[in-house]
A.B. asks: 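Submitted below is the structure of interest, expressed as structure tokens.
FYI, the numbering just counts along the sequence from 1. Every value quoted in this text rests on a predicted model; they were computed, and no experiment measured them.
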Amino acid sequence: MSQKVQMTLDVDQKPKPAQWALLSFQHVFAMFGATILVPILTGFPISVALFASGLGTIIYSVITKFKVPVYLGSSFAYISAVVIAVESMGGSVNASQTGLMLVGLIYVIVAIVIKFIGKDWIDKLLPPIIIGPMIAVIGLGLAGNAVANAGFVEGGNWQSMLVAILTFIITALISTKAKGFFKIIPFLCGILIGYLIACALGIVDFSKVAAVLESGKFFAFPEFILPFKLGNFKTYELYFGPETWAILPVAIVTISEHIGDHTVLGKICGRNFLKDPGLDKTLMGDGVATAVSAFLGGPANTTYGENTGVIGMTKVASVYVTVGAACIAMLLSCCTIVAAFIQTIPNAVLGGMSILLYGVIASNGLRVLIDNNVDFTKQRNLIIASAMLVIGLGGALLPLGRFVTLSGTALSATIGIILNLILPKDGNDAEVL
């Protein structure tokens with residue numbers, strides 16, 4: 001499944017100190033918007049989500065023996081279940097935080113089971129004809145978010161569109177034309193230049209920075225919510241009622257996404273992370289990170305496609321860089337003024353950059369099919385890929401109860417696996433005319 005890929009910095013290579021800092025900041029900018037959006041939507045403290053994403057990434061890296069350049073950010077998959085749990089409990093987070101800790105425990109249990117049953121089944125369950133479309137769905141499934149942020153929607157203003165276009169072009173030119181170190185920080189350069197353009201056009205909102213300056217509080221501990229009394233931090237109680245258990249089935253979806261995300265990253269890096277360090281360790285890292293985040297009052301964690309896209313574009317897969325980004329995120333969670341400045345980056349800048357990031361992910365899906373010589377004159381392959389793409393990108397939903405719905409990558413992959421199992425595999429498949 002893996003082929004050797006020439007990387008500018010491989011997984012175990014350490015950049016020079018100045019380069020290290022800039023490369024890590026590039027990852028921080030990539031994940032920041034989505035990571036803080038989850039607590040905004042669920043009403044949880046932004047500072048805790050930011051701190052937990054950094055701490056979770058470090059925990060994951062330790063458990064996977066620093067073999068996988070993953071960045072963990074806030075998961076969107078649990079938003080609905082968490083919001084319903086909080087509302088059902090009259091505003092209390094007892095059920096949501098207990099539920100998310102149990103989700104982390106489910107990951108750990110699944111990881112232990114996988115460790116004992118082995119990993120050879122992965123290649124049989126996920127052949128190239130499933131992996132390729134699955135990766136494409138992951139990237140293209142995010143395309144709508146990138147386009148909306150860029151302002152290319154009905155009623156969008158020309159300033160946002162212009163900023164997004166220029167950010168995209170600048171990032172692309174730097175990625176393809178720049179020499180030396182600038183070639184591996186195209187997103188950082190694109191964001192900075194796009195930000196300056198946005199300032200010149202007057203679409204940057206500095207109100208959050210002004211609020212921090214007015215308060216005079218430039219540094220503060222994250223607003224942790226803990227299951228015990230400590231100082232002035234808020235508290236919650238462990239709760240094992242029906243509102244808690246209703247959150248757990250969502251883990252089915254996120255485990256599927258976990259496999260898909262690591263498959264994408266492995267293809268980009270020319271490695272098979274599901275075998276080395278192994279799916280058991282990657283799931284264990286993800287699960288422990290989620291449990292710790294929930295313990296501190298934060299959201300569930302998940303691998304971030306934005307950061308995978310950065311690796312795909314820059315060919316910098318150094319774990320030192322992703323761990324450096326994690327450390328920066330933890331510092332930013334305590335540095336209110338810097339975090340406020342980052343929040344002033346307009347959606348148009350992030351949208352222009354995201355068009356590239358998500359496109360790179362989707363393109364790697366096509367690359368899987370090409371590299372493995374998947375024959376689309378075979379009716380069987382055509383049916384599997386077609387069904388996965390249409391279902392994954394068409395907004396298909398399969399409710400599995402009140403709180404759990406299969407959609408996107410998880411539903412697409414499920415359909416692909418079923419079709420791969422039931423359609424004949426003999427060499428006499430009807431060819432496409």
Side-chain angles (χ1 to χ4, degrees), residues 26-38 49 53 56-57 60 68-79 126 131-150 168 171 175 186-187 190-191 253-269 271 273-274 282-283 285-286 289-290 299-317 319 321-322 325-326 329 347 350-368 388-389 392-393 407-413:
Q26 184 168 240
H27 275 280
V28 171
F29 282 121
M31 68 79 185
F32 195 88
T35 294
I36 69 169
L37 180 58
V38 172
S53 77
T57 300
Y60 171 94
V68 191
V70 150
Y71 190 91
L72 298 180
S74 306
S75 173
F76 283 76
Y78 293 88
I79 289 177
L126 299 172
I131 290 175
M134 184 169 66
I135 294 174
V137 167
I138 291 174
L140 296 178
L142 296 167
N145 295 333
V147 171
N149 284 335
F168 175 91
T171 305
S175 179
F187 297 105
I191 288 174
V253 177
T254 52
I255 287 174
S256 299
E257 293 176 342
H258 175 100
I259 294 173
D261 290 341
H262 282 76
T263 302
V264 176
L265 184 60
K267 187 61 190 176
I268 289 173
C269 299
R271 295 171 180 251
F273 295 126
L274 299 181
T282 63
L283 275 174
D286 205 340
T290 288
N301 281 339
T302 189
T303 51
Y304 257 31
E306 290 87 341
N307 299 85
T308 298
V310 170
I311 294 171
M313 284 290 292
T314 62
K315 299 300 180 185
V316 174
V319 173
V321 172
T322 50
N347 286 338
L350 299 176
M353 180 186 71
S354 296
I355 291 173
L356 265 181
L357 290 178
Y358 302 153
V360 167
I361 295 174
S363 298
N364 272 280
L366 300 178
R367 181 178 165 190
V368 168
M388 290 183 67
L389 291 172
L393 301 175
S407 63
T409 307
L411 180 56
S412 174

A.B. asks: Can you confirm whether S53 sits close enough to Y304 that some side-chain heavy atom of one is under 4.5 Å from a side-chain heavy atom of the other?
C.D. replies: no

A.B. asks: Can you give me the closest heavy-atom contact between V137 and S412, atom names plus distance?
C.D. replies: CG2-OG, 3.8 Å

A.B. asks: Out of curiosity, M353 CE to E306 CD, how far, rounded to the nearest 0.5 Å?
C.D. replies: 7.5 Å

A.B. asks: Any idea which heavy atoms bring N149 and G351 closest together, and the distance?
C.D. replies: CB-CA, 3.7 Å

A.B. asks: Are T303 and L72 side-chain neighbours, meaning at least one heavy-atom pair lies under 4.5 Å?
C.D. replies: yes

A.B. asks: I need the minimum non-hydrogen distance between A413 and M134, along with the two atoms involved.
C.D. replies: CB-SD, 3.6 Å

A.B. asks: State, yes or no, whether a side-chain contact exists between Y60 and T282 at a heavy-atom distance under 4.5 Å.
C.D. replies: yes

A.B. asks: N307 and A30: which non-hydrogen atoms are nearest, and at how many Å?
C.D. replies: ND2-CB, 4.2 Å

A.B. asks: Okay, side chain of H258, backbone of T254: is any donor-acceptor separation there less than 3.5 Å?
C.D. replies: no

A.B. asks: Does some side-chain heavy atom of L356 sit less than 4.5 Å from a side-chain heavy atom of F187?
C.D. replies: yes

A.B. asks: I268 and T308: side chain to side chain contact (heavy atoms under 4.5 Å, CB included), yes or no, with the steps?
C.D. replies: CA-CA 8 Å; I268 289 173; T308 298; 3.5 Å; yes

A.B. asks: Could you tell me the separation between the OG1 atom of T322 and the CE atom of M31, rounded to the nearest 0.5 Å?
C.D. replies: 12.0 Å

A.B. asks: Taking the side chain as every heavy atom from C-beta outward, state whether L283 and I255 have any pair of such atoms under 4.5 Å apart.
C.D. replies: yes

A.B. asks: Is there side-chain contact between L265 and V68, with heavy atoms separated by less than 4.5 Å?
C.D. replies: yes

A.B. asks: Please report the C-alpha distance between N301 and S75 in whole Å, then the side-chain angles of each, then the deciding distance to 0.1 Å, and finally whether the side chain to side chain contact (heavy atoms under 4.5 Å, CB included) criterion is met.
C.D. replies: CA-CA 5 Å; N301 281 339; S75 173; over 6 Å; no

A.B. asks: CG/L357 to OG1/T171 distance, rounded to the nearest 0.5 angstrom?
C.D. replies: 8.5 Å

A.B. asks: Taking all atoms of both residues into account, what is the closest heavy-atom pair of I135 and V368, and its distance?
C.D. replies: CD1-CG2, 3.8 Å

A.B. asks: Looking only at heavy atoms, what is the nearest atom pair of A150 and G352, with distance?
C.D. replies: CB-N, 4.3 Å

A.B. asks: Find the distance between CG (N364) and CD1 (I138) and round it off to the nearest 0.5 Å.
C.D. replies: 10.5 Å

A.B. asks: Considering only heavy atoms from C-beta outward, does the side chain of P69 approach that of F273 to under 4.5 Å?
C.D. replies: yes

A.B. asks: Between OG of S363 and NZ of K267, what distance do you get to the nearest 0.5 Å?
C.D. replies: 13.0 Å

A.B. asks: Given 3.5 Å as the limit, does a donor-acceptor pair link the side chain of S74 with the main chain of T35, or not?
C.D. replies: yes

A.B. asks: Any side-chain heavy atom of V321 sitting closer than 4.5 Å to one from Q26?
C.D. replies: no

A.B. asks: Using 0.5 Å steps for rounding, measure from the CD1 atom of I191 to the CG atom of L350.
C.D. replies: 6.0 Å

A.B. asks: Under the criterion side chain to side chain contact (heavy atoms under 4.5 Å, CB included), I'd like the reasoning laid out for T57 against V70: C-alpha separation, chi angles, the key distance, then a yes or no.
C.D. replies: CA-CA 7 Å; T57 300; V70 150; 5.8 Å; no

